[in-house]
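Here is the structure we will look at.
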Amino acid sequence: MAASETTVSISPSAASRVEQIFPTLSPKLRAQVAAHGKLRPTRPGEVLYDVGNASAPFFLVTEGEIELVQPSADATILLRSLRPGQFTGEINLLSGRPALVQARVSAAGKVVELDNARLLSLVQTNAELSEILMRAFILRRVELLSQGLGNVVVIGSIHCAGTLRVKEFLGRNNHPYAYMDLDQDADVQALLDRFKVGADDIPIVICRGDQVLRSPTNAQIARCLGFNDAIDQAQLRDVIIVGSGPAGLAAAVYAASEGLDVLLLESNVPGGQAGSSSKIENFFGFPTGISGHNLTSRAYVQAQKFGAKVLVASGASRLDCAHRPYTLETSDGQRLHARTIIVASGASYRKPPIAELSRFEGTGVYYAATFMEAQLVRSEPVIVIGGANSAGQAAVFLSQAASRVLILVRGDGLGDTMSRYLIRRIEENPAIEVRTHTELTALEGDSHLERVEWRNRSTGRVERHDIRHVFVMAGADPNTSWLEDCIALDAKGFIKTGVELTDGDLKDSGWPLARRPLLLESSQPGVFAIGDVRSGSIKRVASAVGEGSISVLFVHQVINE
Ligand SMILES: Cc1cc2nc3c(=O)[nH]c(=O)nc-3n(C[C@H](O)[C@H](O)[C@H](O)COP(=O)(O)OP(=O)(O)OC[C@H]3O[C@@H](n4cnc5c(N)ncnc54)[C@H](O)[C@@H]3O)c2cc1C
């Protein structure tokens, strides 16, 4: 090892975990890998792939030694030496995204080399190797994440919404980064002041060591890191899935695993609403709950394992319904083509403009009031925000579990927005109090919401109370504005499908076929809607996943039509 090098040790001391991260394949498994690739000699010092190389190949060492390193201007970090039977690669090998480490030969020998397509075919067809490789790839990424060993530095403040967005974008893309907090590090702040970096420029993102981005958009970061570079955007796909929440991810997993050519398009970050849920307690098969990020990032890797391509920070902006195959225009000016489209763009809950709201989502701020949330309330006071029926139903329901329910409405009453029967129930319920002309202004707490502040808009009076649960029942808007001119929507903008479509809807959309729309099919043939975006859907992770899986059956049917 050269003098300027440092070595990073894999944190878990347990030998078994290190063996899972850097396993040594048995002679039988080495032979199975070799059957898919080509054996070739290596020279000392040869760089097999470098940081930033897209679609880097996979290498199995059969003789000699390879080092995985992170080169930098002042010190090269040696991550691991690989010996015969060990192999290169981590999650980026599946997506074709640029490599985060360099692989170089430290002792001459031989390697078996597999390109991206051969590696995918190997993990899809060989269950034993798939398990070993997938586990190693995921654990290696976890190590890079935990040690911040990426090619990105974020400089920001946790009190700045832009910093939280950038951290969420990198985190939900599982991209490792180092973070410097301006509030903690006076030297960095002084440096930025000297370079005239103002508050509007925060966060600063230093990307790949050579680009300095000031308050970048997610799309700019994705471009700089080459997230979408390996994807052929001109290719005609069997199916384009719009939205990578649970519905879109499930559709991608099933469609790709059944041999369809799948492109998944995500305007923001993979995971959707579910990805922001700190713990999903009611998803089938996870008795102790699972964080939304864990659930959806596993599905994200799974979809890529089966060959689905994922474009991030690139949203659908228009669907051209007039011609088939369909053309989908994206926010970054691309035109994508597909035989069928699955719309899984979900809904956005209306959120009051309160700083810190998203920080307490799942830990004091909720968008649903079901039996599960009621259990969290445990005889404490709660706030319900909103004046429509969903807020009224939530208040009545929560009054059985909470010590007191306060409904905060900005207007002067509930009469214009809530059904009369609910208003009467609220009036007759001593546990419920309605505060009119009132808006929530602040949330406080550490790991859980502890206190709230509200303001009376008429008198200006501000009050602070120790309340730990806020239910936001301000409604949800479907993400369908990009579809308005070609698909039948219901009165609230959700997509109508199957038997819900009337003859009038089909006539207005120019439905060309003798048959009626299939289950989950919209008013355009081969355009399906699943999950929260679909009119009448149950707003749950499990139902979104279920609809994603069954929609693929209908995609096959339409493609073969
Ligand atoms: C904080 C929170 C906690 C929750 N907890 C639970 C729970 O415990 N249990 C439960 O069952 N449900 C829960 N839910 C509800 C559940 O998350 C949703 O029902 C589920 O995520 C819906 O999945 P979806 O894929 O249909 O849509 P979404 O999750 O909304 O995903 C839609 C995706 O589409 C993307 N998108 C939107 N427009 C475009 C476009 N034009 N182009 C490309 N992409 C686009 C979005 O960025 C998003 O990633 C929770 C919701 C929230 C907000």
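Just so you know, these numbers come straight off a predicted model, no measurement behind them. Throughout, numbering of the chain's residues begins at 1 and tracks the sequence. The basis for the numbers below is simple: all heavy atoms, side chains too, and nothing from hydrogens, waters or symmetry mates. In listed order, ligands and their atoms are each counted from 1.
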(message) Please determine whether a side-chain nitrogen of the Lys or Arg among R172 and E168 lies less than 4.0 Å from a carboxylate oxygen of the Asp or Glu.
(response)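 Salt bridge present between R172 and E168.
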(message) Taking the basic N atoms (NZ, or NE/NH1/NH2) and the acidic carboxylate oxygens, is any pair closer than 4.0 Å for R339 and D238?
(response)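 Result for this pair is yes, salt bridge flagged.
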(message) For a quick check under 3.5 Å, do Y326 and H337 share a side-chain donor-acceptor pair by atom type?
(response)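 There is no such pair (donor and acceptor under 3.5 Å, judged by atom type) between the side chains of Y326 and H337.
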(message) With no hydrogens and no angle check, just 3.5 Å: does a side-chain donor-acceptor pair link S419 and N389?
(response)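 The criterion, which ignores hydrogens and geometry beyond distance, is satisfied for N389 and S419.
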What atoms of ligand 1 come within less than 4.0 Å of a heavy atom belonging to [X]?
X: G315; answer: 42 (N), 43 (C)
X: N268; answer: 47 (O)
X: V269; answer: 49 (O)
X: G272; answer: 29 (O), 31 (O), 48 (C), 49 (O)
X: A544; answer: 23 (O)
X: N479; answer: 37 (C), 38 (N)
X: G531; answer: 26 (O)

Side chain, backbone, both or neither: which part of [X] has a heavy atom under 4.0 Å from ligand 1?
X: N282; value: side chain
X: W482; value: side chain
X: A347; value: backbone

Pairs of nitrogen or oxygen atoms closer than 3.5 Å, one from [X] and one from ligand 1: do any exist?
X: V242; value: no
X: Y349; value: no
X: S314; value: no
X: V541; value: yes
X: Y367; value: no

Determine yes or no for a side-chain-to-main-chain donor-acceptor pair under 3.5 angstrom, with [X] supplying the side chain and [Y] the backbone.
X: D505; Y: L501; value: no
X: S267; Y: S314; value: no
X: E521; Y: G526; value: yes

(request) Count the heavy atoms of every other residue, nucleotide or ligand shown that sit under 6.0 Å from CZ of R208, and state whether that count exceeds 12. (result)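 Yes, the 6.0 Å shell around CZ holds more than 12 heavy atoms from other groups.
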(message) More than 12 heavy atoms of other residues, nucleotides or ligands under 6.0 Å from CG of D200: yes or no?
(response)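 Atom CG in D200 is not crowded, with 12 or fewer foreign heavy atoms closer than 6.0 Å.
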(request) Would you please determine whether L265 falls within less than 4.0 Å of ligand 1 on a heavy-atom basis? (result)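 Under 4.0 Å: yes for L265.
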(message) Is L249 close enough to touch ligand 1? Criterion: a residue heavy atom under 4.0 Å from a ligand atom.
(response)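 Contact check L249 vs ligand 1: negative.
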Of the choices [options], which has the non-hydrogen atom that lies closest to [atom]?
atom: atom 45 (C) of ligand 1; options: P478, A529, S267; result: S267
atom: atom 37 (C) of ligand 1; options: P246, S345, S358, A247; result: S345
atom: atom 40 (C) of ligand 1; options: A316, S244, A344; result: A316

(message) One pair to check against side chain to side chain contact (heavy atoms under 4.5 Å, CB included): R318 and W482. What are the steps and the verdict?
(response) CA-CA 5 Å; R318 186 173 167 270; W482 56 284; 5.6 Å; no
(message) Centre-to-centre under 6.0 Å for H175 and F227, is that the case here?
(response)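 Yes, the ring of H175 comes within the 6.0 Å limit of the ring of F227, centre to centre.
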(request) Measure from NZ or CZ of K167 to the centre of the six-membered ring of Y177 and say whether it is under 6.0 Å with the direction within 45° of the ring axis. (result)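 Ring-cation test returns no.
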